[in-house]
Amino acid sequence: MFTPAHYLLPLLLVIGTGGAMPSPWAPPPGCYVAEEAGEPTFRCSQAGLSTVPIGIPNDTRKLYLDANRLASVPAGAFQHLAFLEELDLSQNILAHLSGAAFQGLEETLRLLDLSANQLASLPVEAFSRLQIQVNLSANPWRCDCALQEVLRQVRLAPGTATGIVCGPGARPDLVGQEFLPLAGEEELCGPGRAGAPRSTDVALLVVMGGWMVLVGAYLAHYVWQNRDETRRPIKRPPALPVRSEDSSTLSTVL
Ligand SMILES: *[C@@H]1O[C@H](CO)[C@@H](O)[C@H](O)[C@H]1NC(C)=O
Ligand SMILES: *[C@@H]1O[C@H](CO)[C@@H](O)[C@H](O)[C@H]1NC(C)=O
């Protein structure tokens, strides 16, 4: 029934289109597909990778890319993995994550390991709408507002809280300190973002202004009294308007 041409034609097509057609895909060296506890798993640990490999099977639920040389995770790097639940990126040299690095994983991702990398900061957007547990241990954290906001969005993997320590890029008084106790007692996101710090500033100005007016008024009153004493014969002028004039000149002097 089938002549050799029936077999050759698809093969030639695959070669001719450079693999764009569904062709037998081989994992990169050091990577393999497995089934672990019934879950489709893709393991690429210690595979010498410097980029996220292409062609990861789209039914993968657990993905291990640990102990490689990944320096960054580009936007949408895993968005074709519609079932991905666990992602291990630990022990790489990640210094930068795209704000859209985990885009498309909002519904499925549960566990993310970013430990033992070179991360000093994280884009808050990368974690919006994710319901995950993360391991952020062993990174040189700058211990800034962004990290504080990330920690409001994610949960830490059990037992990893003490592993978040401020690195050399942090404020000098924070270097070497555990981040969580600090973040609990200090608002690192600065004034102006939340509105509350701004209103305390205004309140402080109002209070200080009030004190200035009071002191000015008191001084004016004091000066008036002395003047009254030195010029007793002269009839005392109407009190209020003059007083307020004097208090304003005095407070500008002050
Ligand atoms: C996964 O990839 C296969 C081919 O490799 C394709 O037929 C299937 O539609 C893809 N599934 C999803 C959910 O993208
Ligand atoms: C978190 O990361 C650290 C450092 O890589 C590791 O020792 C620890 O086992 C991890 N913990 C969990 C719960 O993944």
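Counting convention: from 1, in listed order, for ligands and their atoms alike.
The protein heavy atom nearest to atom 5 (O) of ligand 2 is Ser115 OG, 2.8 Å.
The shortest side-chain heavy-atom distance between Leu119 and Leu122 falls under the 4.5 Å cut-off.
A 6.0 Å sphere centred on CD of Glu107 holds no more than 12 heavy atoms belonging to other residues, nucleotides or ligands. Within 6.0 Å of the CD atom in Glu186, the count of heavy atoms belonging to other residues, nucleotides or ligands exceeds 12. Heavy atoms from other residues, nucleotides or ligands lying under 6.0 Å from CZ of Arg110 number more than 12.
Atom CG of residue Asn139 and atom OG of residue Ser137 lie 8.0 Å apart, to the nearest 0.5 angstrom.
For a threshold of 3.5 Å applied to N or O pairs, the pair formed by Asn135 and ligand 2 contains at least one separation below that value.
Contact between Gly159 and ligand 2 is absent, with no heavy atom of the residue lying under 4.0 Å from the ligand.
Under the 4.0 Å distance rule, the nearest protein heavy atom to atom 2 (O) of ligand 2 falls inside the cut-off. Protein non-hydrogen atoms do reach within 4.0 Å of atom 11 (N) of ligand 2.
Atoms of ligand 2 lying under 4.0 Å from at least one heavy atom of Pro158, given by number and element, are 13 (C). Atom numbering of ligand 2 starts at 1 in the shown order; those under 4.0 Å from a heavy atom of Thr160 are 1 (C), 11 (N), 12 (C), 13 (C).
Under a 3.5 Å cut-off, the side chain of Asn92 and the backbone N or O of Asn68 do form a donor-acceptor pair.
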